[in-house]
Each structure stands twice: as C-alpha cells, then as structure tokens.
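Both backbone and side-chain heavy atoms feed into the values below; hydrogens, waters and symmetry mates do not. Residue numbers count from 1 along this sequence.
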Amino acid sequence: MKKTLIDLFEESVAKYGNNTFLLEKKTTKFEPTTYAEAHEQALAIGGGLMAMGIEPKERISILSEGCNDWIVSELGLLYAACISVPLSIKLEEANDLYFRLWHAEVSTIFVSPTQIHKIRAIRSRLPLLKNVIIMGSKAKAEEEGEILLSELMEKGREWLKTGKEKLIALSQSIQNDDYATITYTSGTTADPKGVVLTHRNYTSNVEQALTRITIPEGWRTLIILPLDHCFAHVAGFYIMIARGAAVATTQVGATPMETLRNVPLNIREVKPHFLLSVPALAKNFRKNIESSIRAKGPTTEKLFNLALKTAYCYNQDAFTKGKGWRFILKPAVWFFDKILFSKVREAFGGELRFFVGGGALLDSELQRFFYAIGIPMFQGYGLSEATPIISANSPWPKSCRFGSSGKVLKGIDLKIKDADGNDLPVGEKGEIVIYGENVMAGYWKNPDSTADTVRDGWLYTGDMGYMGKDGFLYVLGRFKSLLISSDGEKYSPEGMEEAIVDKSPLIDQIILYNNQCPYTTAVVVPNKDALKRELKEVPAEEQAEAAAKLIGGEIDKYRKGGIYGDEFPHRWLPGALAIVDEAFTEKNGLVNSTMKIVRNKVESYFKARIDDLYTAEGKKLTSAANITSIKKLLGL
C-alpha cells in the first residue's frame with residue numbers, strides 16, 4: 001500500500017483541517033496555524049520551487065532554528081518531489097557544513113537570517129548551490145541567487161493558478177521507496193555518513209511508534225530539540241501530523257543562549273502534553289528543579305529528599321510499582337505529590353504527562369527521579385538508520401522498566417547476534433540487529449558502508465545489548481566505544497559514565513579510557529558550583545587538594561564497600577583520574593550537535609593528560625596536573 005509523507009499529510013489535512021497544527025511565538029504570544037493553512041503554505045513553497053525550475057529528486061537543505069517555516073519548507077519541497085537534507089545550525093561553515101552541502105550535491109537551501117553568513121562564506125566553493133532562500137520577516141536578499149521565502153511563496157501562488165494540478169500530480173507520483181531525506185549522522189565514533197531515508201521509512205516508523213504510545217487529537221508538544229534531529233522529525237512532528245495534534249517550536253532569540261533561556265517560559269505558555277528529551281536536557285531539567293528546591297531553604301530541601309526516597313521505594317523499577325508491602329506507602333506518595341511534586345509540574349505548564357527520551361543511554365537514576373515527580377521519562381532506543389525509533393518504554397500498563405530501552409515496536413523484528421552472525425538466546429548480549437520497513441535505504445554515495453551495515457534487509461546497528469526475559473530490550477552501548485583491558489577483556493564504559501554523572505553532584509562529565517593498558521583511567525570535568533559549596537568551610541590554601549579527594553571519593557562509592565559497590569566490576573573502575581578545568585563542549589569539538597560526547601576526540605584532546613595517568617606521579621589523585629586544573633577551575 002502506498003503511504004508517503006505527502007499521503008500522510010494530505011489525509012490529516014482532510015481530516016483535521018481546522019485543528020491547530022503549528023504554534024509559533026514571534027512577539028508576545030504563540031499564534032496558531034491550522035492544518036489547512038499550513039497545507040496552503042506548503043503548496044505555495046512547492047509551487048515556488050517548480051516556478052524556479054527545480055527538478056524532482058534535487059537535494060534541498062534547510063539550515064535554520066526550529067520554526068514554522070522550517071516544517072512548512074520541508075513539506076513544500078517534498079510536494080515538489082525533492083529530497084530534504086536537514087542541517088544543524090551548530091555546524092561550522094569551514095568544515096562540517098561545507099562537507100554536507102558538497103557531499104549531498106545540494107542545489108537549493110532554505111536558511112534563516114542568523115545562519116545566512118555561513119552560506120555566503122562558502123558559497124563560492126559550492127558551484128552546484130544555485131538558490132538560497134532566506135526565511136524570516138527581517139531577511140534581506142543581498143547576493144546573486146538569493147530570494148526571500150515570502151517572495152518564493154508569492155511566485156508559487158502565482159504559478160499555482162495554472163500549475164496546481166501539475167504539482168498535485170507530481171506529489172501523488174511519489175512512491176514509498178522514493179528518497180525523502182538525507183540525514184547526516186552526528187558521528188560519535190566515526191566520520192558522518194548521509195543516511196538515506198525513504199518516504200515509507202518515515203510513515204512506517206510513525207505507525208510503529210504509535211503501537212507503543214498514544215497521542216490523542218488535540219495534544220500539544222513543544223519541540224526543544226533541533227528539527228534536523230531524526231528523532232524530532234518522527235516523534236516531534238510526523239507523529240503529531242498523523243494524529244491531528246499541535247507542534248510548537250521554541251521562540252527564537254537573538255542568540256542561541258537567548259533561545260535556550262526561552263525554553264522554560266515557552267513550556268509554561270504552550271502547556272505541552274509531552275516533550276522530547278535527550279540525556280543532556282534531562283540532566284539540566286533535574287539540576288534546575290533541585291536548584292529551585294534548594295533556594296527555598298533547608299527544610300523544603302529535606303522534605304523534597306524524603307518525598308523522593310518514599311517515591312523511589314514505592315515505584316521500584318516502575319514495572320513492580322507498589323508490589324508487596326510497599327502498597328502501604330501509597331498514601332504517603334499521594335501526599336508528597338499533592339504538596340510538592342504537583343508544584344514542580346506547574347513549572348512545566350501543568351499539562352505535561354511524560355517525556356520521551358532518546359539520543360543516548362539514559363541512566364536509570366534520572367528515570368527514577370522524573371517518574372517520582374510525576375513526569376515519567378520514557379527511555380527509547382533508536383538510530384538514524386532505523387528512522388529512528390526501534391523500542392520504547394511507554395505509559396501503558398507493564399510497559400516501563402527503568403534501565404531498559406523498552407519494548408520493541410510492533411512491525412520490527414529484532415535479533416541479538418554474536419560475532420559470527422549466530423542468533424543468541426534471551427539474556428545473552430551481542431549485537432542488536434533489526435528488520436522492518438523503517439530500515440534505511442542506505443548511505444548516500446557510500447555503497448561499501450551500506451553493504452556492511454544492511455545485509456539481506458537486516459540492519460546491523462553496531463550497538464551491544466540483550467533481550468530480557470521480561471520482554472524488554474537492554475542496550476549496553478556502542479561496540480566501537482568498548483574499552484579493552486590488558487588481558488583482552490572488552491567492556492562498555494557508557495553505563496558507568498552515565499551512572500557516575502547522574503549520581504554525583506560533583507561530576508559534570510566523565511570519559512573512561514583503556515586501550516589494553518594496565519588499568520582504566522578517566523578524564524573528569526567537575527561541577528564547579530557543587531565543589532564550591534562543599535569546600536566553603538575549607539581554608540583556601542587546602543581547597544585544591546580537598547577538591548581532588550572529594551572527586552576521588554565519588555568514584556570510590558563504586559568500589560568494594562561503597563554505597564554503589566555492587567553496580568560494576570571493580571576491575572573496570574578507573575585507577576587514576578585526570579581532573580580537567582575545560583568542559584567537553586561543541587565549541588572545542590568534544591560534543592556533537594546532538595549533545596553526545598565524541599569519545600575519540602576527547603581521547604585525542606586530552607592525550608597528554610591520559611598518558612600522564614600511567615606514570616607514578618600522574619596516577620596520584622593530588623598530582624601536580626590535577627591540582628593546577630582545580631585551582632584554575634575554582635579561581636584559587
């Protein structure tokens with residue numbers, strides 16, 4: 001059966017034409033755009049592209065902050081049977097941005113006024129880039145080949161007076177296997193590849209996702225993830241289209257920081273029913289909640305911590321919530337929810353039912369926290385090559401378990417295979433391999449990688465995991481991220497890293513390292529504010545050494561006798577720490593556009609510090625290098 005993205009949108013326009021589809025705040029409040037209005041705008045853009053002579057299958061990029069124009073422009077270019085190449089605004093023009101535009105042979109780009117300088121800086125090196133369409137009411141077309149989006153739409157409306165039937169016929173001629181997008185992977189372990197996703201890849205994944213989660217007509221979400229993110233595409237707006245629901249985008253500020261600051265206010269204004277999140281955002285939400293509680297004084301903080309402990313005890317792993325004697329805690333949980341947690345939820349608009357988490361492994365501690373305050377964060381699993389959702393926890397009964405990545409979506413076959421390609425039984429870990437209509441068409445202009453990744457229709461994810469007897473999928477990390485001890489044992493560091501960061505207020509970031517070395521080491525980025533709070537009674541001349549010992553103590557909690565001593569094999573824990581004063585950020589290239597730490601770049605960036613950890617002096621917690629970094633961090 002034919003079901004393209006255009007078919008999906010047309011069906012929803014016919015069924016939900018008067019429903020609000022888009023919500024955008026440009027001045028003082030969020031203004032609605034209905035499905036019917038967005039349809040007219042998308043057709044105008046499609047018509048404008050046709051009037052400009054754009055041919056089917058041409059690659060057209062979008063480089064912009066999240067906004068109505070972003071979503072409608074993608075729909076418009078799809079009506080013209082073109083292929084979308086969504087790009088992150090965090091890409092720098094000199095390397096990553098240029099590579100993607102060149103590699104995808106992009107002929108046209110939609111770009112926001114804040115990003116246009118990047119395109120102008122590299123356009124002379126991109127002979128195939130003929131048309132630059134500038135979004136926004138304050139935009140100016142200054143160079144040859146540039147046109148305002150408003151002008152393109154006027155051209156389109158004029159062209160549609162005689163050509164509308166041609167555009168509709170073209171959009172209806174699109175088949176399931178025609179390419180919809182080329183999405184470049186963010187590359188945490190390798191160079192980016194262009195993931196080719198078809199129309200049916202998208203519509204099938206929408207259908208598959210809706211087998212695990214219910215989105216009622218009229219629900220709202222606020223997309224706080226970048227729209228170029230594959231996760232935001234499917235879970236952010238294509239699922240919403242399928243249900244006649246509304247999509248709001250964060251108010252764009254004058255700077256990225258201003259846009260970020262708009263998020264809390266926008267959440268209260270939109271009152272979303274669910275939000276998409278990734279671990280980095282989840283951690284920030286939690287820190288903000290805890291900071292606001294701390295600001296209310298020690299009594300409120302103690303009460304909040306007691307409420308959390310009570311909820312943790314009652315909820316257990318969510319799957320066994322309230323089992324056994326714990327049912328007696330239900331009144332206490334209700335009481336704490338009434339007097340505390342309900343107030344926390346008001347900061348999220350008061351309507352928020354849950355988060356959907358993706359992007360990277362989400363530590364079970366974070367899941368416990370958000371479940372306790374009444375806004376569960378349902379961890380899912382996926383990757384761009386799977387369009388992207390493969391499994392998910394959900395609000396349905398017996399459909400959530402902390403530490404898992406949920407249940408596999410219906411319509412997807414999943415196997416766990418060993419290194420020789422043999423199927424493994426339940427409980428045994430190996431490579432996650434999937435089959436379904438959501439499996440990508442391949443990598444753009446990269447047949448070798450395609451053949452290596454998709455074999456007989458099965459997608460070899462490169463992720464390690466296992467299926468539990470409970471029917472939940474457990475993802476352990478990337479095979480390429482595995483550490484190797486001196487005796488050849490391989491182990492995944494990601495679960496340990498997530499646990500340490502989530503359970504330690506003193507550690508913001510950590511990367512473990514072992515490449516057949518005598519012991520594991522780690523690069524640690526401390527939380528400056530938390531350290532200062534701990535050290536306020538310590539004399540200034542003793543603070544650096546005390547800070548080093550405090551950070552070492554956080555790792556010791558996982559050793560024998562520690563409060564988390566049974567969580568990980570002790571031989572995997574770091575035997576030496578490089579405490580650094582520079583965080584892993586996008587600016588220094590150590591975090592990618594989806595907020596994932598790029599392991600090999602961290603290892604390269606801090607190579608001298610890591611090498612020093614395997615010397616007698618460097619191994620010391622209070623080494624000269626550690627003390628110097630701490631003093632710089634704390635301003636001592």
Cation-aromatic face contact Lys407/Phe472, 6.0 Å, 45 degrees: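 Satisfied, under 6.0 Å and within 45°.
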
NZ or CZ of Lys398 within 45° of Phe319 ring axis and under 6.0 Å: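 Because its charged atom sits under 6.0 Å from the ring centre and within 45° of the axis, Lys398 does stack over Phe319.
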
Please determine whether the number of non-hydrogen atoms from other residues, nucleotides or ligands lying under 6.0 Å from atom [atom1] of [X] exceeds 12.
{"X": "Lys287", "atom1": "NZ", "value": "yes"}
{"X": "Lys118", "atom1": "NZ", "value": "yes"}
{"X": "Trp396", "atom1": "CH2", "value": "yes"}

Lys/Arg-Asp/Glu bridge criterion (N-O < 4.0 Å) met for Glu301, Lys296: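 No salt bridge links Glu301 with Lys296.
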
Separation of Lys343 NZ from Ile373 CD1 (nearest 0.5 Å):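 These two atoms lie 14.0 Å from each other.
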
Centroid separation under 6.0 Å, is that true for the rings of [Y] and [X]?
{"X": "Phe369", "Y": "Tyr312", "answer": "no"}
{"X": "Phe341", "Y": "Phe304", "answer": "yes"}
{"X": "His229", "Y": "Trp70", "answer": "no"}

Partners passing side chain to side chain contact (heavy atoms under 4.5 Å, CB included) against Lys271 (at least two apart in sequence or in another chain):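 Side chain to side chain contact (heavy atoms under 4.5 Å, CB included) check on Lys271 returns Arg220, Glu351.
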
Taking the side chain as every heavy atom from C-beta outward, state whether [X] and [Y] have any pair of such atoms under 4.5 Å apart.
{"X": "Phe9", "Y": "Thr4", "answer": "no"}
{"X": "Ile375", "Y": "Phe355", "answer": "yes"}
{"X": "Phe274", "Y": "Arg353", "answer": "no"}
{"X": "Asn201", "Y": "Glu437", "answer": "no"}

Candidate list Thr221, Thr249, Ile223, test side chain to side chain contact (heavy atoms under 4.5 Å, CB included), partner Phe237, passing option: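 It is Ile223, the one option of Thr221, Thr249, Ile223 that forms the side chain to side chain contact (heavy atoms under 4.5 Å, CB included) with Phe237.
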
Parallel, tilted or perpendicular: rings of His39 and Tyr79 (30°, 60°):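 Tyr79 and His39: perpendicular rings.
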
Side chain to side chain donor-acceptor pair (under 3.5 Å) involving Thr203 - partner list, sequence neighbours excluded: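 Side chain to side chain donor-acceptor pair (under 3.5 Å) check on Thr203 returns Arg200.
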
